[in-house]
Amino acid sequence: MKNHEIAKIFNEIAGLLEIKTDNPFRIRAYRRAALNIEGLTRNVEDLSEDELIEVPGVGKDLAAKIAEYIKTGNVAVHEELKKEIPQIVLDLESVPGLGPKTAMLLHEKLQIKSIDELAKLAEEHKLAGLPGIRGKTEESILKGIGMLRRSQERSPLGKVLPIAQDLVDQLRVKAPLTRIDIAGSLRRWKDTIKDIDILAMSDNPKEVMRVFVHLPHVKEVIMQGPTKSSVVIKEGLQVDLRVVAKESYGAALAYFTGSKEHNIRLREMAVKRGLTINEYGIFRVKDNTKLGGEKEEDTYRILDLQYVPPKMREDRGEIEAAIEGKLPKLVTVKDIKGDLHVHSKWSDGSHTFEQLVEASKEHGYSYFALTDHSQGLGVARGLTVERLAEQKREIDTLNKKLKNIRILHGTEVDIRSDGTLDFPDDVLQTLDLVVASIHSGFKQTKEQLTSRIVAAMKNPYVSIIAHPTGRLIGERDAYEVDMDEILKTAKETGTAMEINAYPLRLDLSDIYAKKAKELRIPIVISTDAHVTTQFNFMSYGVSIARRSWLEKEDVANTLEVRQLLKKLKPFHRT
DNA sequence: GCCGTTTTCGGCCCGACTGTTTTCAGTCG
């Protein structure tokens, strides 16, 4: 699938044009096209030129560049720009606070060859004297280099959300505010997060800012103004706090939640109607009358749009759907009737069946699937055939005693390196459902990995493929698989795909989950819980589902157990 | 480079903060 490669090239072109101070709207056009191609659920290679032009932000010119890439493997404009602008300028620009202008200036005037050299020159005060640069700028460049070196990639949602919640709790106690919300990509529950955005309502913003920059978490203050401040916390993340008054809170929350691309679309719509939107409200241009802004819903209502839930605000078609009143009714945590991927003490989990039953009841479930590991997975104390049979007897006995809840007996069967399953069919046949997944041989070729999963899906007893790309956000990249091929086979075989809610996994990701929905493949949301507290991860999985536009009907484990079993393989059971 | 119930050409989202400036450019979100 070349969507990702093309998006990357368009983004690089945008970055290079930025350095050249090219037309900013042209730059934005490349970025917008990149975003939409990345989010496309169809493969660009399968699209005709007419269909390409249908993609928002892609016109005749960019459609031709996409065709060029598919045909030749590169884009001429991109190659020429790369020749014109040396890599070092892009490297310099990656320093926070250092933009295209300064990066180009440093390259042209001082022929700087590396970030290390830049740091050395800044320390020796050899930058001062260049146009617009004096002592403070040298300091801020050094700070920026420090941040660059500390800041790893984006952090997993599951790691950042608790930190943000803690900051909000502290501010609520210590600062004079009447309301506080997490905004930004955290509010959209994006799977990875770059910084934390917080919005507060207060009549005394200065005092709020004073408290904020003195919180114990804070390591460094980047900037501090009366309505907006930014700090770096000990965990290495940047935190932005914005404070506004009650009458602007909704507009500020919308502005600060983003995404930027979503907001730009709204602002463009406003302009066409003689209106303007900023973080203080929505206004009529001719007489500057404020039409709304206290509530987030105001803007959408005034633009004749359905209210767009935060998790859908990515400019991936939600605006068009909202215009037509066709936004999906998104699945919620309350819709989930049971968890279909749960481990117990029998393998590498921590809890007994009884404890898992209790936890399931507390979550309002009417069933859960016990899916301990299979024999080959020694590290996880995988079950032998004999242990699995013994487990079945215990579960049967327990199920007879249980009321209003049922344990489904399953397994998380390992898909072995050669593509065979870790239990024979006559064993799988005894189970209520079978979850299959890969735990080894991640370094195999894309073809090998894909064919292993495809082979598993063709087995009549495999109900669900779990965490199909194997990614561990921030720890291990997704292994190479041909997801189009996998989804195609899922469709053909009726195998369900899992959205694994484990915060480091979130796998399927939002883009592929959306694609699975469009193909009408059964989807389940499961936590992969190894301890009962991890049942709470369900909200992460549901957030991915919501970002993927999934409705209740798209998610199999919103069904009661009888319908669920009819929906999942094997189809012949009663 | 895209796009069109005011346009096929002329628009294109908007504001806060900083540093080096005397009115603004650069950067960020």
Side-chain angles (χ1 to χ4, degrees), chain A residues 10 13-14 17-19 21-36 52-66 75 77 92-106 127-141 143-144 147 183-185 194-199 205 209 221-231 238-244 248 251-252 254-283 285 299 303-304 315 323:
Chain A
F10 282 2
I13 292 175
L17 291 173
E18 204 161 43
I19 288 165
T21 30
D22 204 284
N23 176 358
F25 301 108
R26 186 178 172 216
I27 295 167
R28 219 182 84 196
Y30 273 103
R31 291 232 160 90
R32 174 152 192 248
L35 185 80
N36 280 303
L52 277 174
I53 289 173
E54 287 292 300
V55 176
V58 177
K60 224 171 166 199
D61 190 282
L62 290 185
K65 290 194 168 68
I66 293 168
V75 177
V77 179
L92 291 173
E93 209 195 350
S94 68
V95 176
L98 213 161
K101 290 282 178 302
T102 319
M104 203 60 194
L105 180 80
L106 290 169
L127 303 178
L130 290 173
I133 297 183
R134 298 184 58 177
K136 289 262 193 167
T137 305
E138 287 180 329
E139 262 177 53
S140 88
I141 285 175
K143 264 192 187 177
M147 278 178 65
S185 53
K194 206 170 92 220
D195 48 29
I196 298 174
D197 298 310
I198 302 172
L199 179 70
M209 290 308 179
V221 180
I222 298 172
M223 63 177 180
Q224 182 182 359
T227 71
K228 183 180 172 184
S229 297
S230 296
V231 301
Q238 181 172 329
V239 185
D240 300 339
L241 176 67
R242 188 85 193 243
V243 183
V244 298
S248 302
Y255 156 75
F256 219 27
T257 297
S259 69
K260 191 177 168 181
E261 292 76 15
H262 177 89
N263 288 341
I264 288 177
R265 293 293 307 282
L266 293 185
R267 288 173 179 198
E268 282 172 351
M269 288 183 72
V271 168
K272 289 193 184 121
R273 295 168 179 231
L275 308 172
T276 182
I277 298 172
N278 58 29
E279 56 263 56
Y280 300 105
I282 176 163
F283 303 85
V285 174
T299 305
L303 294 176
D304 293 319
D315 191 21
I323 291 171

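Excluded from the calculations below are hydrogen atoms, water molecules and symmetry mates; all remaining heavy atoms, backbone and side chain alike, are included. Each chain gets a letter, A, B and so on, in the order the sequences are listed, and its residues count up from 1.
A donor-acceptor pair is defined here as one N or O able to donate and one able to accept, closer than 3.5 Å; no such pair exists between the side chain of A:Glu18 and the backbone of A:Ile27.
A:Asp304 has a carboxylate O that lies under 4.0 Å from a charged side-chain N of A:Arg273, or vice versa, which qualifies the two as a salt bridge. Under the 4.0 Å criterion applied to side-chain N and carboxylate O atoms, A:Glu279 and A:Lys228 are not assigned as salt-bridge partners.
Between the P atom of B:dG1 and the CG atom of A:Leu17 lies a distance of 8 Å, rounded to the nearest Å. Atoms CZ (A:Arg265) and C1' (B:dC2) sit 11 Å apart, rounded to a whole Å. When the P atom of B:dG29 is taken as reference, atom CG of A:Leu266 falls 20 Å away, rounded to whole Å. The CD atom of A:Gln224 sits 17 Å away from the C1' atom of B:dG19 (whole-angstrom rounding). Atom CD in A:Glu268 sits about 7 Å away from atom C1' in B:dC13, given to the nearest Å. A:Arg32 has its CZ atom 11 Å from the P atom of B:dC2, to the nearest Å. Across the protein-nucleic acid pair, A:Arg31 atom CZ and B:dC12 atom C1' stand 16 Å apart, rounded to whole Å. Between A:Lys60 atom NZ and B:dT8 atom P there is a gap of 18 Å when expressed in whole angstrom units.
Of the candidates B:dC28, B:dG1, B:dG19, the closest approach to any side-chain atom of A:Lys228 belongs to B:dC28. With B:dG1, B:dC14, B:dT27 as the choices, the nucleotide that has an atom nearest any side-chain atom of A:Asp61 turns out to be B:dG1. Comparing B:dT18, B:dT20, B:dA16 by their nearest atom to the side chain of A:Met223 picks out B:dT18. Nearest to the side-chain atoms of A:Arg134 among the listed nucleotides B:dC13, B:dG1, B:dT21 stands B:dT21. Among the nucleotides B:dC14, B:dC12, B:dG15, the one closest to any side-chain atom of A:Thr276 is B:dC14.
Contacts of A:Leu98 with the nucleic acid, taken as non-hydrogen atoms under 4.0 Å apart, involve only primed sugar atoms and P, OP1 or OP2. Contacts of A:Lys101 with the nucleic acid, taken as non-hydrogen atoms under 4.0 Å apart, involve only primed sugar atoms and P, OP1 or OP2. Looking at heavy-atom distances under 4.0 Å, A:Thr102 makes contact with sugar-phosphate atoms alone, never a base. Here A:Pro100 lies in heavy-atom contact (under 4.0 Å) with sugar-phosphate atoms only.
Atom CD of A:Glu54 sits in a sparse spot, with 12 or fewer heavy atoms from other residues, nucleotides or ligands closer than 6.0 Å.
When both distances must be under 3.5 Å, the Watson-Crick or G-U wobble mate of B:dA25 is B:dT18.
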